[in-house]
Amino acid sequence: IDSYRIFSSSTDKEYFESNTRFQKTNYITENCHAYNSMIFGNSRAAVFPPEAINSEENRFFNFAVSQDMINGIFLKASYLVSLGCLKNIAIIPVYLDIIGAHDWDAQKNLLRSESPVLSKRSYFDFFSAYLLNFEITHTNINYVIADSSVPRFIYGKDGAVSYIWEMDKDNFEKCNIPVNFDKVDYTGSIIQDLEIHKKLASLFKS
């Protein structure tokens, strides 16, 4: 009944991908004092283990989440600066599929909705979206059909995640099809991107 782990604490190992935006925001709010540097980005960056770059001066938290865009990164960075959790280093990966801005909250995307602590969305609207929802019912049915005793996601306390599902040959080949970026018009997105990066730079300098 709580596949996205909104009303209950997440376990370290999960079969279903939960709302890590909500979970990570809650965690860092309560454990801000333990970190001074951050890793941002989407699911590609989420697998990067902070312990690989931690040092005596820098302790990293991985705040990368599913399909995060630069506007989402700016939202999180602004919040962390206000808490005092982001004092030393911010790592922001650069790749084509992070270009542009996207408002997941406007779509009420259950997997990618920001915590009300960060977004302008009301607490009532956020929490009610996760109650008696067909998408969650469908997910729970998939829990039963699949072997939910075998985890597909392992979440670390430092924010990193491991994806451990097996993929058959046909699905792997579908993922391996190269994207034709010549047909994508990035002009408007890149201009918007640069404006948000300027805001980020100003935020970090201050």
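One-based numbering along the sequence shown.
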Test item: [X] side-chain N/O and [Y] main-chain N/O as donor-acceptor pair under 3.5 Å:
X    : Y    : value
N71  : H102 : yes
R21  : S66  : yes
Y130 : D2   : no
Y79  : T25  : no
N109 : R112 : yes
N88  : E57  : yes
S128 : D125 : yes
D105 : S113 : no
W104 : Q67  : yes
S202 : K199 : no

To the nearest 0.5 angstrom, please state how far the [atom1] atom of [X] sits from the [atom2] atom of [Y].
X    : Y    : atom1 : atom2 : result
K13  : T11  : NZ    : OG1   : 9.5 Å
N54  : S37  : CG    : OG    : 8.5 Å
E17  : F153 : CD    : CZ    : 4.5 Å
D193 : I70  : CG    : CD1   : 6.0 Å
L111 : S3   : CG    : OG    : 11.0 Å
I196 : I191 : CD1   : CD1   : 12.5 Å

Run the numbers on L80 and I28 for side-chain contact (heavy atoms from CB on, under 4.5 Å), then give the verdict. CA-CA 8 Å; L80 294 174; I28 199 64; 3.8 Å; yes
Looking only at non-hydrogen atoms, find the nearest pair between [X] and [Y] and report the distance.
X    : Y   : result
V47  : N62 : N-ND2, 4.5 Å
Y155 : E14 : CE1-CG, 3.8 Å
D68  : G41 : CB-O, 3.4 Å
A160 : P50 : CB-CD, 3.8 Å
L200 : A77 : CD2-CB, 3.8 Å
A45  : I39 : O-CG2, 4.3 Å

Do [X] and [Y] sit in one hydrophobic cluster, given that two such residues count as connected whenever their side-chain heavy atoms are within less than 4.5 Å of each other, even indirectly?
X    : Y    : answer
L110 : F127 : yes
F7   : F22  : yes
L83  : L118 : yes

Partner of K76 under side chain to side chain contact (heavy atoms under 4.5 Å, CB included), chosen from E114, K24, M38: E114
Is any side-chain heavy atom of [X] less than 4.5 Å from a side-chain heavy atom of [Y]?
X    : Y    : answer
I53  : I89  : no
I92  : I73  : yes
Q23  : S18  : yes
V117 : Y123 : yes
L86  : F63  : no

Take atom CZ in F124; do more than 12 heavy atoms of anything else shown fall under 6.0 Å from it? no
Is the ring centre of [X] less than 6.0 Å from the ring centre of [Y]?
X   : Y   : result
F16 : Y4  : yes
F60 : F48 : no
Y27 : F61 : yes

